[in-house]
2 protein chains.
Amino acid sequence: MLPVMSTEDRKRREREAREALFIERAHERIREDGLLGLQMSKLAADCEYATGTLYQHFESREDLLAAVAARTTRERAGRFRAIPGLALGTRSRMLAIVLTDIDFAANNPDYYRLTQYLVTEVVWANVSAPRRADLLEAGRPISEAVHAVVAEARDQGDLPPAREISEEEMGLGPWALNVGMQSLANAQGLLDAYDIHRPYDHLIRHFHALMTGWRWEPRLDPDDPSVVRGETERVRAVLRSAGIGVEPPERGRTTAE
Amino acid sequence: MLPVMSTEDRKRREREAREALFIERAHERIREDGLLGLQMSKLAADCEYATGTLYQHFESREDLLAAVAARTTRERAGRFRAIPGLALGTRSRMLAIVLTDIDFAANNPDYYRLTQYLVTEVVWANVSAPRRADLLEAGRPISEAVHAVVAEARDQGDLPPAREISEEEMGLGPWALNVGMQSLANAQGLLDAYDIHRPYDHLIRHFHALMTGWRWEPRLDPDDPSVVRGETERVRAVLRSAGIGVEPPERGRTTAE
DNA sequence: TGTGGGCTTGAATCGGGTTCAAAAAGCGGA
DNA sequence: TCCGCTTTTTGAACCCGATTCAAGCCCACA
């Protein structure tokens with residue numbers, strides 16, 4: 001309606017579209033050829049722009065990587081939004097959060113590697129401040145889901161009232177357990193060296209031990225395989241029917257377009 | 001005694017000494033200027049050798065980094081050797097393992113960053129096979145200590161007999177928890193964004209929850225701050241008197257010389 | 001249709017890891 | 001001690017890819 005502004009407006013839209021294109025293509029490249037396969041000039045050429053144009057959007061290669069990670073983090077975080085509302089006990093919903101993350105990581109190995117690489121001090125240092133903030137922001141829905149579930153568990157008496165520990169700090173346990181297990185599982189040859197297999201099964205069992213240790217009801221024996229397996233299946237079924245779950249080992253597509 | 005061999009022998013010794021020199025200086029460089037501060041040609045010049053000579057020892061920069069990590073890992077792993085023999089209950093000895101690791105990481109932040117960077121797929125791919133094996137091997141005493149403590153706990157009835165979980169798999173829980181918390185604690189600005197502070201205190205509490213969840217006696221309420229603090233202090237005191245401990249928050253020196 | 005400022009371009013620059021031909025050093029035998 | 005031969009060392013040159021920036025282009029506005 002305002003012709004004066006519209007041109008400037010269109011420019012911004014075009015600029016955003018171009019940025020999205022760069023991010024999308026960069027992600028493809030990484031998926032196909034790995035992190036090393038991503039080269040700034042090649043990427044620019046792929047998108048039919050000059051190298052310099054790419055640098056209009058991203059201060060550095062690392063900055064671009066952070067943008068890719070933020071995009072995928074937003075997608076990942078979205079999956080957690082519906083979890084607090086699921087028809088499950090609070091403890092099972094907490095498990096649902098863990099399972100959702102496991103499944104996402106399993107289906108997006110490149111995303112996992114990317115974030116691991118990004119938070120490396122050397123790399124992180126080259127990410128611009130707005131990009132960092134953006135990436136942190138993108139993960140917020142996850143912590144909100146955790147917060148909601150923990151708070152409700154306390155309200156309902158499933159979890160003893162806090163003495164000194166906030167909701168976030170409570171969620172920190174499973175979070176660290178998850179992150180750590182991902183790290184170990186992905187370090188080539190590490191767990192093999194100790195003859196440990198199926199790390200995610202162990203993650204689930206240790207998760208139950210952790211929750212039981214905090215007296216989150218209904219307590220469940222982490223060393224009773226059939227109970228653990230049954231609970232996992234039950235929660236996975238609910239996730240699937242809510243459209244959050246993942247078809248078992250079929251590689252879920254990610255292309256947003 | 002065999003003059004024929006002695007020359008060859010001396011050569012090997014000299015070569016090893018030179019390698020040690022490279023590793024030592026590389027570590028200094030990293031400590032002082034960070035990972036980026038380590039440049040192959042500068043390092044060689046520092047040691048008064050040509051760049052090419054450095055490449056006689058290390059296939060690549062990454063290979064050198066792995067060697068540095070292996071050296072420090074050996075030092076770190078050494079600290080765990082005496083833990084199974086401490087005059088403490090099995091559960092407290094398990095805590096001793098966790099505390100020892102926390103303290104080591106706190107005193108060697110560069111070591112933590114280095115390993116985090118190393119296991120990154122991109123980097124790990126450029127580490128030679130023998131070097132990888134060496135690094136894995138260097139950590140073995142740690143898993144041996146864990147194995148010993150878990151096995152004894154089962155023998156003594158502190159921990160219920162295993163149904164389906166090996167000693168290593170039991171240790172995997174605290175291990176992953178540790179690794180994960182280190183990651184989170186070191187990701188610049190991450191925990192701050194969620195208003196979480198003193199991550200290592202939380203690590204200790206979640207560790208207790210985890211152990212209690214596995215019914216490792218004596219069970220201990222992770223949300224009773226004074227009990228947790230007391231236990232931590234008690235175990236730290238034993239560690240200190242065994243010469244393993246670390247003077248509280250005074251930055252312990254690491255320079256081996 | 002003219003023009004000025006902002007955008008795009010891509011060749012040049014830069015930085016560091018890695019290589020390798022030449023030089024030096026070490027070796028055993030004469 | 002000297003001599004060929006082998007092994008090791010040397011460091012300048014090479015390579016690769018991220019980043020820069022001077023030159024030219026384009027478009028809005030007059």
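Sequence lines set the chain letters: A, B, ... in the order given, protein chains first and strands last, and positions in each chain run from 1. In what follows, every heavy atom counts, from backbone to side chain, and hydrogens, waters and symmetry copies are set aside.
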task: Specify the separation, in whole Å, of atom CZ of A:Arg18 and atom P of C:dT8.
output: 4 Å
statement: B:Gln56 CD to D:dT9 P, in whole Å, measures 6 Å
- prompt: How close or far is atom P of C:dG6 from atom CD of A:Glu14, stated in whole angstroms?
  reply: 18 Å
- prompt: Think B:Arg79 forms a cation-pi with B:Phe104, using NZ or CZ under 6.0 Å from the six-ring centre and within 45 degrees of its axis?
  reply: no
field: Rounded distance in Å - CG (B:Leu36) to P (C:dG16)
entry: 9 Å
- request: Identify which nucleotide among C:dT18, D:dT20, D:dA18 has an atom closest to any side-chain atom of B:Glu62, counting heavy atoms from C-beta outward.
  value: C:dT18
statement: Closest to the side chain of A:Gln39, out of D:dT10, D:dA18, C:dC27, is D:dA18
- request: Could you check how far CG of A:Leu54 sits from P of D:dT19, rounded to whole Å?
  value: 10 Å
query: Considering the options A:Ile97, A:Leu203, A:Asn107, which one meets the side chain to side chain contact (heavy atoms under 4.5 Å, CB included) requirement together with A:Ile102?
result: A:Leu203
- request: Take A:Leu38 and A:Gly52, find for each the nucleotide of DNA chain D with the closest heavy atom, and name the residue whose nucleotide sits nearer the 5' end.
  value: A:Leu38
field: Distance test, side-chain N/O of A:Arg10 to OP1/OP2 of D:dA28, below 4.0 Å
entry: yes
query: Nearest to the side chain of A:Ser60 - D:dT19, C:dT9, C:dG17?
result: D:dT19
Short side-chain N/O contact to C:dG16 OP1/OP2 from B:Ser41, under 4.0 Å: no
Flag for A:Tyr117-A:Glu62: side-chain donor and acceptor within less than 3.5 Å: no
field: Proximity to the side chain of B:Thr53 - top-ranked nucleotide from D:dT19, D:dG11, D:dT9
entry: D:dT9
- line: Side-chain atoms of A:Met40 come closest, of C:dG10, D:dT19, C:dT18, to D:dT19
query: So does A:Arg131 pair up with A:Glu19, basic N to acidic O under 4.0 Å?
result: yes
message: Can you see whether B:Asp110 engages B:His27 through a side-chain donor-acceptor pair at a distance of less than 3.5 angstrom?
response: yes
- prompt: What's the NZ-P distance between B:Lys42 and C:dG16, to the nearest Å?
  reply: 6 Å
message: Between C1' on C:dT8 and CZ on A:Phe22, what's the gap in Å once rounded to a whole number?
response: 11 Å
Length of the NZ-P vector between B:Lys11 and C:dG26, whole Å: 9 Å
task: Just compare C:dG17, D:dT19, D:dA12 and give me whichever is closest to any side-chain atom of A:Tyr55.
output: D:dT19
